[in-house]
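Heavy atoms only: backbone and side chains are in, while hydrogens, waters and symmetry mates are out. Reminder, nothing fancy here: chain letters follow the sequence lines and each chain counts from 1.
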Number of protein chains: 2
Amino acid sequence: MNSIEEKLKYSNYRITGQRAAILEVMMDNRGKHLSAEEVLYRAREKMPNIGMATVYRTLDKLASIEVLYKTMFGEGRYRYELCDEGTHQHHHIICPGCGRITEMEDDLLNILEQKIESQGYEIIDHDLKFYAYCPECRSKR
Amino acid sequence: MNSIEEKLKYSNYRITGQRAAILEVMMDNRGKHLSAEEVLYRAREKMPNIGMATVYRTLDKLASIEVLYKTMFGEGRYRYELCDEGTHQHHHIICPGCGRITEMEDDLLNILEQKIESQGYEIIDHDLKFYAYCPECRSKR
DNA sequence: ACTAAAATGATAATGATTATCAATAATATT
DNA sequence: AATATTATTGATAATCATTATCATTTTAGT
Ligand SMILES: [Mn+2]
Ligand SMILES: [Mn+2]
Ligand SMILES: [Zn+2]
Ligand SMILES: [Zn+2]
């Protein structure tokens, strides 16, 4: 169960026009971290009458089957992005100066996860964020 | 600048009765993760007229000088706890079944942080969460 | 075509956080 | 000590992202 198609198939929920539009938006914006509002705006370019409740519902559904990754970068609203396929979800570096979000691949967490699993837990997900001034913002201080 | 007293002193903001009460609440609940509402409730036991705006203001202020750690465990509201002194902030394991939060010490992130700093970033903070079914919740499935 | 279930969109409701502002308290100045 | 200046407080209203409601529409299975 790895590709988006498989996840959708096994979720057995209907691929309506609205949902396809939202998924397209997310795929068109691979690597970006979109808020529900931004998704609504872009989805309306494909489907002018789509409502915001549908956007919220669909984003949550896609997140629940791990097609999307839903997280908050400390601004009081969730953002969504396509999940990494196969590999571990990447980490984020958020600059408190300019708000820019950088991504980071790494496998060190596997070690921690093994430790946690050896204590009887079943890991579903993880979320690692660094708050760090980026090189540009640092030079401006 | 490590102990709470030092942090308060260098922050030079006034230690009013309300602020002392809130700080006391947090110290009485070391290891717990309290919402603003819970802090309000407990603070009112010491100071019946304290208002909720003051609680929010104070919690944010204490978080800004790193006396408190403010984070969200995926339920749409922030929670606050005393910062670890000296050492690195610990990590959290959140059980999607029962909501229980477990803490975890570890130093592996130092390696990642060095990597990030070598790229010119200046790290302020980090936040690592694992979402994992706890042993009890696992056996109930 | 017919029926049952699922999805949609408009709108209202919720709930946590923030802003406002007059009243009060703390500190500095005389 | 009295006064002036500044910060803090609490009541309340405002904000804003997310959720709930519900009548209507769409879909899938027969
Ligand atoms: Mn990302
Ligand atoms: Mn903790
Ligand atoms: Zn920056
Ligand atoms: Zn549990």
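For residues 84-112 of chain B, every residue pair satisfying the salt bridge (Lys or Arg N to Asp or Glu O under 4.0 Å) rule, not counting sequence neighbours, is listed here: Arg100(B)-Glu136(B). Applying the salt bridge (Lys or Arg N to Asp or Glu O under 4.0 Å) test to pairs two or more places apart or on separate chains, those with a residue in residues 43-54 of chain B are Glu24(B)-Lys46(B), Asp28(B)-Lys46(B).
Per the geometry, CG belonging to Asn12(A) stands 15 Å off P belonging to dA5(C), to the nearest Å. One interatomic measurement links the two molecules: CD1 of Ile15(A) to P of dT26(D), which rounds to 18 Å at whole-angstrom precision. Rounded to an integer number of Å, the gap from Leu59(B) CG to dG10(D) P is 13 Å. In this structure, Tyr13(B) places its OH atom 14 Å from P of dT27(C), rounding to the nearest Å.
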For this session: Report, as a single string ordered 5' to 3', how protein heavy atoms within less than 4.0 Å touch nucleotides 8-16 of chain C: B base, S sugar-phosphate only, - not at all.
Result: BBB-----S
For a quick test of your reading: what N or O donor-acceptor pairs under 3.5 Å do the side chains of residues 49-56 of chain B make, sequence neighbours left out?
| residue | atom | partner | partner atom | Å |
| --- | --- | --- | --- | --- |
| Thr54(B) | OG1 | Arg57(B) | NH2 | 3.3 |

Could you pull out every donor-acceptor pair under 3.5 Å between side chains of residues 122-129 of chain B and any protein atom, sequence neighbours left out?
| residue | atom | partner | partner atom | Å |
| --- | --- | --- | --- | --- |
| His126(B) | ND1 | Glu113(B) | OE2 | 2.7 |
| Asp127(B) | OD2 | Lys129(B) | NZ | 3.0 |
| Lys129(B) | NZ | Met72(B) | O | 3.2 |

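Every residue two or more places apart in sequence or in another chain that forms a side chain to side chain contact (heavy atoms under 4.5 Å, CB included) with Arg77(B) is listed here: Ser35(B), Glu37(B), Glu75(B), Arg79(B). For the ring pair (Phe, Tyr, Trp, His ring centres under 6.0 Å) test, residues two or more places apart in sequence or in another chain that qualify with His33(B) are Phe73(B), His92(B).
Cluster partners of Tyr69(B): none. The rule joins Ile, Leu, Val, Met, Phe, Trp and Tyr whenever side-chain heavy atoms lie under 4.5 Å apart, and it links nothing here.
Put simply, the side chain of Leu34(A) does not reach to within 4.5 Å of the side chain of Tyr80(A), judged on heavy atoms.
Counting non-hydrogen atoms under 4.0 angstrom, Asp60(A) reaches the backbone sugars and phosphates but no base.
Two end axes, each from the C1' atoms of five base pairs, can be drawn for the helix from dA1(C)-dT30(D) to dT30(C)-dA1(D); they diverge by 30°, to 10 degrees.
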